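Heads up, the thing below is written out as structure tokens.
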Amino acid sequence: DTIKVGVIAEFSGPFAMYGKQYREAIEAYVAKHGKQAGDHTIEFIYKDVGGSNPDVAKTLAQELLIREEVDYLAGFTFTPNALAVAPLIDQSETPTVIFNAATSSINKGSPYFLRSSYTLWQVTAPLADWAYDQGLKTVVTAVSDYGPGIDAEKAFKAAFEKKGGKVIDAIRMPVATTDFTPFIQRVRGQSPNAVFAFLPGGPPTFGFTKTYNENGLAAAGIRFLGTAETEESNLQALGDAAIGLTTAFHYSAAHGSNLAREFNETLRDRFSGAIANWASVGAYDGTHLIYEMAKAAGSDGPKALEAVKALKWESPRGPLEMDPETRTVRQNVYIRDVERDKDSGLLVNREKGVIATVGDLGWSQ
Amino acid sequence: MPLLLNIAVDGIAYGMILFMISVGLSVTMGLMRVINLAHGAFALIGGALAHAFTLKAGLGYLAAVPLAIVLVVLMALACERLLFRRIYRLGELQQVLATIGLTFMVIAVVSRLLGSSLLAIPLPGILQQSIDLGFRVLPLHRLLVILLGVAVITALYLAIERSRFGARLRAAVDNRNIASALGINTDATYAATFCLGAGLAALGGILGAELLPIDAYYPLRYMVLFLIVVSVGGLGSISGSFAAAIALGILETASRYLITDVGTIVFFAIVMALLAVRPAGLLGKA
Amino acid sequence: MSTQDLALPRSRLRSARFPLLPEAAILALAVSAYYVFPYDLALITRFLVMMLFVLSLDLVLGYAGIATLGHAALYGTGAYAAGLFAVHVSGNPVIGLAVGAAAGGLLAFVSGLLLMRAHGLTLLMLSIAVTLICQEIANKARDLTGGADGLRGIRMEPLIGLFKFDFVGRTGYWYALAVLCLCYALLKIVTSSPLGLSIRGIKDSAARMVAIGSPVYWRLVTVYTIGGAIAGVAGALAAQVTQLVSLEVYAFNLSAEALIMLILGGAGRLHGAIVGVVIFMTVHHVAAAVDPFNWLFIIGALILGIVFFVPAGILGLPKALTDLVRRNHDARP
Amino acid sequence: MQGLEVRSLRKAFGGLTVAEGIDFDLPPGARKALIGPNGAGKTTFANLVTGKLTPSGGTIRFDGADLGALGEAARVKRGIAKTFQITTLFRTLTVRENIRLPILERLGRGGRLFGRAACNAAVEDEIEMLLDQLALISLADKPVHSLAYGQQRLVELALTLALKPRVIILDEPAAGVPSSESHLIVQAIERLPGDLAVLIIEHDMDLVFRVAHSIVVLVNGRILTEGTPDEISRDPRVRQLYLGGAHD
Amino acid sequence: MTDVVLSLQNVTAGYGQTHILRSLSLRIERSERVAVIGRNGAGKTTMLSTVMGLTRLHGGKIGLGGDDISHLAPHQRSMRGLGLVPQTRDIFPSLTVEENLTAVIRGNASLDEAYALFPRLKERRRNGGTQLSGGEQQMLAIARTLMTEPSIVMLDEPLEGLAPVICEQLMSAFEQLAADGRRTVILVEQRASAALAFATRAIVITNGSIVYDGSTDALKQQPELLERHIGVAQT
Ligand SMILES: Nc1ncnc2c1ncn2[C@@H]1O[C@H](COP(=O)(O)OP(=O)(O)OP(=O)(O)O)[C@@H](O)[C@H]1O
Ligand SMILES: Nc1ncnc2c1ncn2[C@@H]1O[C@H](COP(=O)(O)OP(=O)(O)OP(=O)(O)O)[C@@H](O)[C@H]1O
Ligand SMILES: [Mg+2]
Ligand SMILES: [Mg+2]
């Protein structure tokens, strides 16, 4: 029989990149493992939400569940979209794999949520620990003034101060900021050892890193610490300004394992110009979860959930393990520096250190 | 004291970038009175071409930028002949609709061809450096924008607010039929002005890309920003846009320095207050 | 700016003979949609909510000529008000709607006191600024609104104690349709009332309205408040049906799309708003399903086509066609 | 005294003074004309009285009450109305709807939310009457923008008459109306209630002489003289500054 | 061979689909002074704006000095010597008085000429175009058209709103212009008396058609004709 999976993601609009990456990753997975999961044929149905649109997400989920009778849902880049479907998946007992949305508390919205990506706390707290251990004792945080940014600020501060470090200033930058100079100047004025930044991808990240560089912060010995800022799909656009930025994240396309190389190659072979980043790997591992669930339980939601709640497997990002409590994967967090790769001439996130298997540290916050 | 100096320096530098990216709109919307929401689309095309020329075709910055602008002007000319010539005569709401429709199509084409991620336009080495002002550093690139901004405002002031061409253009905008009946070639006047606006959009898009990076959704993302500058400046006045851009640049920078937390709210509240007191904008003609 | 010859003597005659013909037809279609698309009720419900929103914009913009790009402020405020009411006070949907209407109306009234003094580009900007300020406040008040994560925890009680909001969305559909009909009727009354005539007068010539002794400013504030209340109802309805409110209710896109839909259908007549929504959202939905990557291009082309070939909106199509036929007829010697 | 009383009225636009020390009375029932060279300040005077412009000095009283603080609309409510020199109409509305608006407004119904605008028999009758008076019946259901200019001038007058004002200021009501139809205007004025005060600003001397009982001559913002039509047409200063050789 | 400068052949024109002018034919010779009269809405303005190219020509031909100009844009017609003073004046509001003139000035025309004709305008030359009084706007509209040095001046009710003394001056100025052979003047005027006093030839339009075309004197002799077509008996 056929098991249907509805993927709700962005295939149009400013975030269309995500949908494209999910799809490519799913197809790469299917290419490697075939359409069969156990006795079942897996079929994916893609739906476009176009951005953070909870009402559209809910409508699409309803359509998928009622008309297409899907057995699993997947996708979800933005938190509100995921939250909007919580009541539906509760009622229909549909396991739903989140490929990206990174707010810890989503999984509290329904027991049917599983997350194959990461949470903000998961990558931020280890970064703070590591920074302290590197001898960075004073930090200024500069985050975009919206939910995820503030979560990141809190996570960093909690972890850093627990270690004994000091956050000497916490700047919240309005989301609509285009010129970051004032904030960068403010950071500079306080001469911390490092600045911890959190910005939404795209233009803000571009603007912030540019300004960080142009105003000579690196030269003044103020290090840049971040998380997703140097992710691969925008990395080349940042240009030389990105070199030397330090980030902690769960995935780097330059991860050294064979599985990672293979994943990259599959993607690149199948789709010209495809770039692997954390969204691709989130979808790739999410697809793995769905396959495992389908294999074990077909279309029986609760049983499927049971089957994978402590699943362990090796992913292109490293070893993964489902946490039965938080339903978010436990994974390695890597400390990376941006470098220009000698062979390809491209910028890469070079892994410099590993913080082994971290769970969702934000769950109990 | 250094704080005030910082605000002044950064505010003016930012204001000048605001001016450069919105002056084209001030020409098409302010002078020609077309609600031209496609302004950003021309900036986007300029930026996308510059991106393709530098990164894909390997041209140098100094060759790529003028080439991109020239191409945008040519495209604008074609666009004017095919579409805008008819758009001028429509009602305001229809103009909104038509130019948004056009913008959608440009976005769709750019994202089809170049994807929806950032389209970087790498600066040449010299422009990436910074100069030391003594109390702080200023990126050289911003200095260039300031100088170009001054050049543009001077040229436009002379060409439009002080010249016969300007008077003929304003006459044509006030009443096309009558202007035409009095011997003004309104079609040509409009076409020339429109191309000027589009060329300035492209120039502003490329130069402003260091702060407002180009990507396919650029025209929608920054539409409000362009509109704010033009409306605060006042329709029909290039010097108004200039004054507004600098004022807004300083205002925004000051709010970022001084009242980070409620900066956005205060910024818009001040813009509202300003427009409430001066509904025609800083230098607008009522 | 050019004014379209909107009032056609002939169509006036026709509508005089069958005064509610277009409305009856639309209602029949809406009811039959329930049976024809039983699996798409959620989608159709979104259509209905959007119709309500665009109708309120039609009153404000189509009739009174208040050019705003900040209508989402009223919608969003209605949505948050109804959402917060449901979370903290009561899950009664009807009272929730009233709260949404009150919130939308109140914001419209307060902001209208300033906005109605402006016009043209200044008005556009002011209305956008109001929306951005609302959005920033909602973003800042994270503890109350959930910020970027969205306001959750909205649970609705059964409608008038009888009908549970079901999984398939049947109750939601009928509920939205009923609310839409009520608001439509209200708008029908308002637009043909003396107030309705006087706002059309203001749109044509505010100077003359003043000269005949009309308190133009207060008329505009009144109409804007009514429009705000209806937009608030639309927002509240969306909040209740989705059971989540996110910051996107204040998105600039929402205002802009509503404007597009309105002009697409034909501003200044109520059924124009309905037709515009159906066309835009259907094209959007179908195009996005068939080819999400290019749907924007299709929408853009559709908009351009409409503006150029039927500038009075889709409802102007019959006239445009007859004109075309007659012109061809004329061309023959 | 009742009616309109203007004392030492002054108005300057920047450095240009267009009204200076104007004393002017318009008692109920008056039929006065205001004439003067182009740019003398006639329209400005009318705008000061209706409240469209704020005076730089002086007072305007109506029935003893100072109008200084009242806005334009409030003065209309008190009964002071004017026609526009440059036609200002509701262009997309029909002639009938154009006239309906001021009537509803006058009756205080303009802001009503309920009840159809077009369903009050008394109002509709009044519209019919006005249309008839100005020979506009055949155009009643045409949108105003499709009317010829001269026809629009008649609608312009109809709008103001519909307000049933107590003081009516007609700013060049006959401009653009052919001589063949200016009798309609004369008749409309003659038919106005006897206690209504009329001030007519007009360059068509035939019309002025037919309507006005008294003529005020304004030159460079100051009143030059006031008198009966006879006196005025014989006054050599007026002839030189304004009338020229005609109207002997 | 007469010197025909402007000719209309079976001109049909109007707004949108409605015909206002119905198959109108007309020939005007150099330095003629023509008065066009007719009731409200007869189509006088429409005729002038059709000649200027501002109203859509549905059929027929318009000739200027021997060339067919039916398909030329208004500004090209202006370049060939047509000039129109619009009935609605249409001053450019965002230009000052002086700019209104300089924006269109060409050939040997000079501002001084305009200011000599209308001293009032000189006093107001820094004013915005719409800050003028009604009559001043009318003066500006006339002066503006003269700045384009038209060989055929079409005036659409130019006397409207002007003080009687100015009207007299203006009419004599136009008589002079026509007399020295530099200009052909077509005057649309509601005040039949003024128009007939000025013109040598009269054209009466009713319902978009010409019902009388002949000398002014002959028309003056036939009060019943005037009565019939424009509803006013000459007194
Ligand atoms: N807003 C303004 N700013 C500056 N000057 C103005 C303004 N309005 C009018 N004027 C000037 O004031 C003078 C008087 O104008 P007004 O309109 O009162 O004249 P008028 O007597 O009505 O003339 P007409 O008979 O030509 O209509 C004119 O010279 C005009 O240029
Ligand atoms: N823009 C327009 N759209 C539609 N019809 C119009 C338009 N302008 C004028 N008309 C119609 O054309 C006819 C002729 O108008 P026109 O203005 O040419 O008359 P006219 O002889 O100049 O009259 P007047 O003496 O009043 O100026 C009128 O019946 C009028 O209703
Ligand atoms: Mg006047
Ligand atoms: Mg006319």
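Source: prediction; values computed, not measured. Quick note on labels: first sequence line is chain A, next is B, and so on, each numbered from 1.
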Structural part of E/Thr46 lying under 4.5 Å from a heavy atom of chain D: neither
Neighbour count above 12 (heavy atom, 6.0 Å) for D/Arg10 CZ: yes
Proximity breakdown for D/Ile35 and chain E, heavy-atom pairs closer than 4.5 Å: neither
Beyond-backbone contact of D/Ser146 with E/Tyr15, side-chain heavy atoms, under 4.5 angstrom: no
Neighbour count above 12 (heavy atom, 6.0 Å) for E/Gln176 CD: no
Heavy-atom donor-acceptor pair, D/Asn38 side chain to E/Ala163 backbone, under 3.5 Å: yes
Chain E contact via D/Glu202 - side chain, backbone, both or neither, heavy atoms under 4.5 Å: neither
Rounded distance (nearest 0.5 Å) linking atom OG1 of D/Thr43 with atom CG of E/Leu132: 11.5 Å
E/Val165/D/Arg239 under side-chain contact (heavy atoms from CB on, under 4.5 Å): CA gap, chis, key distance, verdict: CA-CA 8 Å; E/Val165 62; D/Arg239 299 189 64 99; over 6 Å; no
Top of E/Glu157, E/Met139, E/Arg124 for chain D proximity - count of heavy-atom pairs under 4.5 angstrom: E/Arg124
D/Gln151: partners by side chain to side chain donor-acceptor pair (under 3.5 Å), with sequence neighbours left out: none
Nearest-0.5 Å distance that lies between atom NE2 in D/His203 and atom CG in E/Leu159: 11.5 Å
E/Gln137, part contacting chain D, at a heavy-atom distance under 4.5 Å: side chain
Residue, of E/Ala42, E/Gly161, E/Ser133, E/Gly43, that accumulates the most heavy atom pairs under 4.5 Å with chain D: E/Gly161
Spacing of D/Leu243 atom CG and E/Glu168 atom CD [to the nearest 0.5 Å]: 9.0 Å
Heavy-atom neighbours of E/Asp213 CG exceed 12 at 6.0 Å: yes
Partners meeting salt bridge (Lys or Arg N to Asp or Glu O under 4.0 Å) with D/Glu72 (sequence neighbours left out): none
